[in-house]
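Order of appearance sets the numbers: ligands from 1, and atoms from 1 within every ligand. Side chains included, hydrogens not; waters and symmetry mates left out as well; all remaining heavy atoms used. Sequence positions, counted from 1, serve as the residue numbers for this chain. Since the structure is predicted, the reported quantities are computational estimates derived from the model, not experimental observations.
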Amino acid sequence: MKITMIGAGYVGLVTGACFADAGNEVLCLDLDEAKIRTLRDGGIPIYEPGLAEVVRRNQAAERLSFSTDVERAVRFGIVQCIAVGTPPDEDGSADLQHVLAAARSIGRHMTDYRVVVNKSTVPVGTADKVRAAISAELAQRGAAVPFAVVSNPEFLKEGAAVEDFMRPDRIVVGAEDAQAVQVMRTLYAPFQRSHERLFLMDVRSAELTKYAANGMLATRISFMNELANLAERLGADIEEVRKGIGSDPRIGYQFLYAGAGYGGSCFPKDVKALIRTARDAGGELPILEAVERVNTGQKRVLARKILQRFDGKLAGRRIAVWGLAFKPNTDDMREASSSVLIEELIANGATVSAYDPVATPVARRIFAGLKGIHYAETPLAALEAADALAVVTEWQEFRSPDFQAIRARLKTPAVFDGRNLYDPQEMRRHGLEYYPIGRAAAGTGK
Ligand SMILES: NC(=O)c1ccc[n+]([C@@H]2O[C@H](COP(=O)([O-])OP(=O)(O)OC[C@H]3O[C@@H](n4cnc5c(N)ncnc54)[C@H](O)[C@@H]3O)[C@@H](O)[C@H]2O)c1
């Protein structure tokens with residue numbers, strides 16, 4: 001099948017490459033000329049494990065190509081996937097300008113039947129807006145070309161995106177047009193060979209399913225963070241509580257970790273957008289409003305603990321930060337807790353020496369105008385002349401560090417762990433002060 005992917009970002013590039021890997025011909029369109037140039041030259045603009053191999057394999061087989069030519073892209077695929085960004089607008093709602101621009105360009109250039117597949121995360125009712133935008137363009141040029149609009153939200157996780165797409169838990173398709181349903185079944189057949197994973201539903205339910213999933217996951221995290229803060233006050237240990245409740249199969253262990261708050265390109269904006277959708281529909285989502293509020297506070301928890309440890313005085317202090325990406329195995333720093341921490345430390349007069357295995361180039365762009373941040377080449381180099389260490393992202397390489405080397409380098413030596421990676425007893429044994437989340441601090445001598 002011929003597929004056009006509109007938007008070659010995290011979702012578009014991964015999805016396009018995986019569809020090509022199943023034998024389809026895929027053309028990825030992006031308006032970002034630099035991104036398309038990089039891809040054509042064999043580069044990969046994002047860090048995503050396993051993606052480079054799939055892209056190169058299919059580029060070499062001439063099943064995957066890249067373009068900035070909108071007309072050519074619309075003429076190319078019977079399937080037109082929209083995978084452009086839907087960032088939050090000022091009022092929290094999803095900004096649909098890129099989705100609707102893509103829809104208009106489809107309407108402007110299509111000459112044959114098209115299945116327009118919305119993979120971007122969009123509020124309920126967006127398929128109707130996409131349909132209207134295409135129809136308006138067709139009407140303007142007096143053309144009558146049939147098309148269907150399908151909702152097919154994407155559930156891949158950054159850091160495991162290729163694996164998630166190749167072996168999905170579920171494929172949600174919202175479609176009301178028989179021909180489009182058939183096209184979607186054919187498109188996804190290679191990804192569900194062992195058993196059916198495709199849930200066919202009405203378009204609005206499909207649109208809501210994506211937000212409901214992210215809302216639920218964000219809720220679990222904020223719930224645990226709220227309990228973690230209570231556990232600290234009560235002298236309980238959130239890690240023990242986590243195991244105690246996770247063992248209940250109705251609860252399960254996943255997404256039950258207390259930490260320094262969730263970030264990324266999806267949870268924060270999708271929670272906001274769903275709250276907005278509810279308000280626009282004359283309702284409220286008080287649970288999700290609390291989830292967001294708790295998370296905003298939780299992103300500041302490390303800064304709060306650090307300030308407390310140094311009696312509110314950080315001027316002249318240097319804090320090492322391990323982990324910049326919003327989670328491991330990605331270079332994505334959108335809404336990352338690290339940004340909140342770094343900005344707060346610097347605002348309080350500290351300097352920061354940061355280390356991340358892959359996100360440093362992204363951080364350099366984000367913090368281009370910020371004085372007081374330095375980047376280290378290795379985790380230990382970040383600790384040189386530092387007063388304390390804050391661990392923000394649970395990269396594998398931070399899980400079992402050389403504690404003696406940490407102890408030897410840190411001036412204070414205090415470790416603030418935003419992901420509860422370490423054993424408090426072991427930290428004490430190494431002479432480190434340890435400040436985790438939702439558990440008692442260790443080695444503080446208090
Ligand atoms: N990143 C994720 O993990 C993830 C997971 C599931 C769903 N989503 C959703 O998928 C959508 C895309 O997310 P992303 O992270 O891939 O975004 P992204 O910012 O990485 O990529 C979007 C791309 O679209 C391009 N673009 C914008 N307007 C365009 C147009 N009119 N024509 C062609 N290209 C255009 C941009 O230049 C950019 O390269 C969002 O709605 C997001 O919520 C993301």
Side-chain angles (χ1 to χ4, degrees), residues 4-18 27-39 44-49 51 66-74 76-77 80-89 93-109 116-123 126 130 133 137 151-165 168-172 206-207 209-211 213-215 217-218 262-274 325-327 329-336 362:
T4 294
M5 195 58 62
I6 304 178
Y10 283 87
V11 169
L13 184 57
V14 170
T15 310
C18 292
L27 176 65
C28 289
L29 169 77
D30 206 291
L31 302 183
D32 183 337
E33 288 180 9
K35 191 175 274 189
I36 293 298
R37 209 175 311 121
T38 302
L39 286 161
I44 304 289
I46 54 170
Y47 176 83
E48 188 58 55
L51 180 61
F66 302 97
S67 178
T68 55
D69 183 340
V70 178
E71 183 169 352
R72 183 177 151 232
V74 174
F76 184 85
Q80 299 276 316
C81 286
I82 300 179
V84 300
T86 47
D89 223 334
S93 62
D95 180 351
L96 292 179
Q97 60 164 315
H98 302 301
V99 170
L100 295 178
R104 281 194 296 275
S105 51
I106 294 170
R108 207 169 300 138
H109 299 295
V116 179
V117 178
N118 218 338
K119 284 205 94 45
S120 296
T121 302
V122 289
T126 300
V130 165
E137 287 293 336
S151 168
N152 173 218
E154 184 47 59
F155 294 95
L156 61 77
K157 300 184 287 295
E158 283 175 26
V162 172
E163 177 67 18
D164 282 351
F165 195 82
D169 305 320
R170 75 292 209 198
I171 299 153
V172 170
E207 289 172 334
T209 298
K210 173 67 192 177
Y211 282 103
N214 280 354
L217 294 171
Y262 62 75
S265 69
C266 293
F267 288 3
K269 84 170 169 56
D270 292 350
V271 167
K272 281 193 191 76
L274 190 52
F326 86 92
K327 67 173 178 180
N329 297 321
T330 181
D331 61 354
D332 198 339
M333 280 190 63
R334 287 178 279 187
E335 303 271 345
V362 177

Q) At what distance is the nearest protein heavy atom to atom 21 (O) of ligand 1, and which residue and atom is it? A) Gly9 CA, 3.2 Å
Q.
Below a 4.0 angstrom heavy-atom separation, can you tell me which part of Arg334, side chain or backbone, both or neither, approaches ligand 1?
A. side chain
Q. How far does SG of Cys28 sit from CE of Met5, to the nearest 0.5 angstrom?
A. 6.0 Å
Q) Which ligand 1 atoms are under 4.0 Å away from a heavy-atom of Ala83? A) 12 (C), 22 (C)
**Q.** Identity and distance of the protein heavy atom lying nearest atom 20 (O) of ligand 1
**A.** Tyr10 N, 3.2 Å
Q: Could you see which bit of Ala94 sits under 4.0 Å from ligand 1, with heavy atoms only: side chain, backbone, both or neither?
A: neither
(Q) Looking at non-hydrogen atoms alone, which of Leu156, Leu29, Asp270 comes nearest to atom 5 (C) of ligand 1? (A) Leu156
Q. Atom CG in Leu51, atom CD1 in Ile46: separation rounded to 0.5 Å?
A. 5.5 Å
Q: May I ask which of Thr330, Asp30, Asp32, Thr15 has a heavy atom nearer to atom 36 (C) of ligand 1 than the others do?
A: Asp30
Q: Check each atom of ligand 1 against the heavy atoms of Gly85 and keep those under 4.0 Å away; list them by number with element.
A: 22 (C)
Q: Begin with the C-alpha distance, continue with both residues' side-chain angles, and end with the deciding distance and a verdict on side chain to side chain contact (heavy atoms under 4.5 Å, CB included) for Val70 and Leu31.
A: CA-CA 8 Å; Val70 178; Leu31 302 183; 4.1 Å; yes
Q. Would you say the side chain of Val84 lies within less than 4.5 Å of the side chain of Ile6, judging by non-hydrogen atoms?
A. yes
(Q) I want to know if ligand 1 touches Phe155 in the polar sense, i.e. an N/O pair below 3.5 angstrom. (A) no
Q: Working to the nearest 0.5 Å, report the span between CG of Asp332 and OH of Tyr10.
A: 4.0 Å
**Q.** atom 24 (O) of ligand 1 - nearest protein heavy atom and its distance
**A.** Gly7 CA, 3.4 Å
Q. In the protein, which heavy atom is nearest to atom 2 (C) of ligand 1, and how far is it?
A. Glu158 OE2, 3.3 Å
Q.
Tell me whether Glu154 has any N or O atom under 3.5 angstrom from an N or O of ligand 1.
A. no
Q) Where on Lys210 is there a heavy atom closer than 4.0 Å to ligand 1, on the side chain, on the backbone, on both, or on neither? A) side chain
Q: List every atom of ligand 1 that sits less than 4.0 Å from any heavy atom of Lys35, numbering the atoms from 1 in the order shown and giving each element.
A: 38 (C), 39 (O)
(Q) For atom 35 (C) of ligand 1, what's the nearest protein heavy-atom neighbour? Residue, atom name and distance, please. (A) Val84 CG1, 3.5 Å
Q. Should Lys157 and Lys327 be marked as a side chain to side chain contact (heavy atoms under 4.5 Å, CB included) after you check the CA-CA gap, both sets of side-chain angles, and the distance that decides it?
A. CA-CA 10 Å; Lys157 300 184 287 295; Lys327 67 173 178 180; 3.7 Å; yes
Q. Going through the distances and angles, do Phe66 and Asp30 end up as a side chain to side chain contact (heavy atoms under 4.5 Å, CB included)?
A. CA-CA 8 Å; Phe66 302 97; Asp30 206 291; over 6 Å; no
Q) With a 4.0 Å heavy-atom cut-off (strictly under), which part of Ser265 contacts ligand 1: side chain, backbone, both or neither? A) side chain
Q. In the protein, what heavy atom is nearest to atom 10 (O) of ligand 1, and what distance, to one decimal place, separates them?
A. Val11 CG2, 3.5 Å
Q. Side-chain contact, heavy-atom cut-off 4.5 Å: Gln80 with Ile82?
A. no
Q) Given Asn118, which of Asn152, Thr86, Val99 fulfils the side-chain contact (heavy atoms from CB on, under 4.5 Å) condition? A) Val99
**Q.** Interfacing atoms of ligand 1 (cut-off 4.0 Å, heavy-atom, Lys269)
**A.** 42 (C), 43 (O)
(Q) For ligand 1, which is the ligand I care about here, please tell me if Lys157 has any N or O atom under 3.5 Å from one of the ligand's N or O atoms. (A) no
(Q) Is the shortest side-chain heavy-atom distance between Phe155 and Thr209 below 4.5 Å? (A) yes
Q | Atom indices of ligand 1 within 4.0 angstrom of Ile6 heavy atoms, with elements | A | 32 (N), 33 (C)
Q) Can you list the steps and then say if Asp69 with Phe76 is a side chain to side chain contact (heavy atoms under 4.5 Å, CB included)? A) CA-CA 11 Å; Asp69 183 340; Phe76 184 85; over 6 Å; no
**Q.** Selected option - heavy-atom contact closest to atom 30 (C) of ligand 1, from Ile46, Thr121, Leu31, Thr86
**A.** Leu31
Q: Indicate yes or no for a side-chain donor-acceptor contact from Glu48 to the backbone of Ala161 under 3.5 Å, with no hydrogens or angles considered.
A: yes
Q.
Between Glu154 (side chain only) and Ser120 (backbone N and O only), is there a donor and an acceptor less than 3.5 Å apart?
A. no
